[in-house]
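Below: the structure, in structure tokens.
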Amino acid sequence: MVLSRDVKSSPEQSSRVSSTLSGYRLAELIRQRAWVEIDQAALVHNVQQFRQYVGPKTNLMAVVKADAYGHGAIRVAQTALQAGADWLAIATLGEGIELREAGITAPILILGGINSPEEIEAIAHWRLQPTLCSPEQAQLFNDILAKLGKVLPVHLKLDTGMTRLGTPWPQAVNFVGLVQSLPQLQLASLYSHLATADDPNTATMLQQQQRFTTAISSLRQAQLPIPQLHLANSAATLHGPAWHYDMVRVGLGLYGLYPAPHLGDRLDLKPVLTVRAKITQIRTIPPGTGVSYGHQFVSEETMPMGVVGIGYADGVPRNLSNQLKVLVRGQPVQQIGAITMDQMMVDLRGIDNPQVGEVVTLIGQDGDRQITADHWASTLGTISWEILCGFKHRLPRILV
């Protein structure tokens with residue numbers, strides 16, 4: 001187990017720490033409270049599963065936006081590329097610069113909107129590839145790049161039903177034709193994004209694909225070039241080859257979670273992220289004792305209670321209070337009372353002679369039992385994407 005480079009610290013801090021502690025000692029030190037483990041072998045396995053599934057003719061784009069869904073963008077990007085990914089995708093300019101500064105040279109697509117001259121100059125400088133969503137944006141890019149004397153690959157986004165970023169699909173011919181006429185822009189791909197790919201009812205998804213197909217046909221009729229095409233996110237990728245086109249954009253699946261239960265039999269994916277913390281104090285409380293803010297839990301009998309060094313400031317949602325189960329020695333125990341900013345309490349009645357310093361698994365495997373981000377999401381009525389992205393960088397990422 002080693003300390004991941006994704007742990008945030010200044011060069012001065014890193015220098016001071018490394019002069020007094022070995023990497024292993026530092027990893028042990030920061031695990032005195034709470035941490036996130038990143039299973040690099042599981043990530044490699046998942047990338048290879050998708051690589052084999054889509055075949056050699058389809059490019060695999062690893063989506064590493066939002067710090068790789070909380071897993072650590074630099075390390076995940078490096079590992080994904082080594083395991084067979086061809087492209088990377090991020091959401092913001094800053095995310096792209098971070099990857100370039102880390103020495104990553106693979107093509108990087110910015111999925112978010114870019115509209116300022118300063119951002120355009122930075123994109124050109126860092127050799128990133130933007131998404132263009134409108135003719136006006138395309139013209140702005142061309143004008144700025146002309147002043148810089150640079151030509152840039154660009155990716156055009158059509159809105160086929162997501163109703164977010166993009167040019168309406170019936171305007172594909174005009175959009176592509178304009179970009180073809182602008183000398184500073186090189187048309188790299190045409191893509192769209194599906195709104196309901198994780199829904200068992202595929203009617204809307206099929207409608208979007210039909211619109212995408214119609215737009216492509218209109219380009220052919222207008223004798224405009226057909227660039228690289230991509231439509232599929234993780235869910236659509238798992239639907240099969242009809243959705244793969246020239247490239248697939250895989251995010252959640254890389255991290256070992258399925259975008260929907262009905263797609264869970266398509267590939268053998270392994271969760272990459274584990275969240276653990278330690279018991280920092282054990283108390284025996286008598287009957288009638290209120291626990292934590294608001295006394296949402298009151299003991300009915302004498303019971304051992306553990307204080308665990310993790311809370312909502314680390315990414316454990318407060319709304320899970322009194323609903324969350326965690327694992328101690330592979331056994332499920334109940335969280336009790338309101339989850340606080342830095343700590344939470346657990347009922348240790350099922351654990352024989354519990355000890356301070358014992359490890360608590362909040363998400364991940366312990367023994368034969370496993371808790372996943374899907375379990376949390378189901379309890380909260382949200383999605384696993386939000387859970388994964390919620391773990392803050394106060395929790396150091398440790399490679400396993």
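Values below: every heavy atom of this structure, side chains too, minus hydrogens, waters and symmetry copies.
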Check step by step if side chain to side chain contact (heavy atoms under 4.5 Å, CB included) holds for Val333 and Arg349. CA-CA 8 Å; Val333 302; Arg349 280 178 289 185; over 6 Å; no

Which is it for Asp314 and Arg394 under the salt bridge (charged side-chain N to carboxylate O under 4.0 Å, His left out) test, yes or no, and what are the steps along the way? CA-CA 6 Å; Asp314 302 293; Arg394 189 165 76 165; 2.9 Å; yes

Tell me, with the steps shown, if Leu231 and Gln209 meet side chain to side chain contact (heavy atoms under 4.5 Å, CB included). CA-CA 8 Å; Leu231 181 63; Gln209 186 183 43; 4.1 Å; yes

Full working for side chain to side chain contact (heavy atoms under 4.5 Å, CB included) between Met344 and Leu362: CA-CA 11 Å; Met344 67 181 196; Leu362 289 87; 3.6 Å; yes

Between Thr214 and Gln210, does the side-chain hydrogen bond (donor to acceptor under 3.5 Å, both in side chains) criterion hold? Intermediate values first, please. CA-CA 6 Å; Thr214 301; Gln210 182 57 53; 3.3 Å; yes

Under the side-chain hydrogen bond (donor to acceptor under 3.5 Å, both in side chains) rule, what do His45 and Asp39 come out as? Steps first, then yes or no, please. CA-CA 10 Å; His45 170 84; Asp39 187 339; over 6 Å; no

Apply side chain to side chain contact (heavy atoms under 4.5 Å, CB included) to residues Ile387 and Leu380 and explain how you reach the verdict. CA-CA 10 Å; Ile387 301 301; Leu380 292 168; 3.8 Å; yes

Verdict with reasoning, Gln221 to Ser218, per side-chain hydrogen bond (donor to acceptor under 3.5 Å, both in side chains): CA-CA 5 Å; Gln221 292 172 2; Ser218 69; over 6 Å; no

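A ring-ring contact (aromatic ring centres under 6.0 Å, His included) with Phe391 is found for exactly one of Tyr312, Trp376, Tyr255, namely Trp376. Asp86 pairs in a salt bridge (charged side-chain N to carboxylate O under 4.0 Å, His left out) with only one of the listed residues (Arg51, Arg249, Lys57), which is Arg51.
To the nearest 0.5 Å, atom CZ of residue Phe50 and atom OG of residue Ser234 are 5.0 Å apart. Separation of atoms CG (Leu158) and CZ (Phe175) is listed at 7.5 Å; rounding is to 0.5 Å. Interatomic distance, CD of Gln365 versus OG1 of Thr372, reported as 11.0 Å (0.5 Å rounding). The CD1 atom of Ile90 sits 4.5 Å away from the CD1 atom of Ile110 when rounded to the nearest 0.5 Å. Considering NE2 of His155 and CG of Leu111, their distance stands at 9.5 Å, rounded to 0.5 Å. How far CZ of Arg369 is from CZ of Arg329: 14.0 Å, rounded to the nearest 0.5 Å.
Leu156 has its side chain within reach of Val154: a pair of non-hydrogen atoms, C-beta onward, lies under 4.5 Å apart. At least one side-chain heavy atom of Val272 sits less than 4.5 Å from a side-chain heavy atom of Ile38.
A donor-acceptor pair shorter than 3.5 Å can be found between the side chains of Asn322 and Gln296. With hydrogens and angles left out, the side-chain atoms of Trp35 and Glu37 include a donor and acceptor closer than 3.5 Å. Defined by atom type and a distance below 3.5 Å, a donor-acceptor pair is present between the side-chain atoms of Asp143 and Gln139. Thr196 and Thr204 share no donor-acceptor pair across their side chains, judged by distance under 3.5 Å alone. There is a side-chain donor-acceptor pair under 3.5 Å between Thr382 and Glu386. No hydrogens or angles considered: nothing links the side chains of His262 and Asp198 as a donor-acceptor pair under 3.5 Å. With no hydrogens or angles considered, a side-chain donor-acceptor pair links Gln40 and Thr79 at under 3.5 Å. No donor-acceptor contact under 3.5 angstrom links the side chains of Ser189 and Gln228, judged on distance only.
The cluster map of Ile, Leu, Val, Met, Phe, Trp and Tyr, joined by side-chain heavy atoms under 4.5 Å apart, puts Val291 and Ile339 in different clusters. Cluster annotation: Phe297 and Val346 are assigned to distinct hydrophobic clusters (Ile/Leu/Val/Met/Phe/Trp/Tyr, side-chain heavy-atom contacts under 4.5 Å, transitive).
Atom CD of Glu101 is surrounded by more than 12 heavy atoms from other residues, nucleotides or ligands within 6.0 Å. When the shell of 6.0 Å around NZ of Lys147 is examined, it contains 12 or fewer heavy atoms from other residues, nucleotides or ligands. Counting heavy-atom neighbours within 6.0 Å of Asp352 CG, excluding the residue itself, gives a total of 12 or less.
Relative orientation of the Tyr191 and His230 rings is parallel, given thresholds of 30° and 60° on the angle between their planes.
Thr163 places no side-chain N or O within donor-acceptor distance of the main-chain N or O of Asp159, the cut-off being under 3.5 Å. Listed for the Tyr53 side chain is no donor-acceptor partner under 3.5 Å among the backbone atoms of Gln48.
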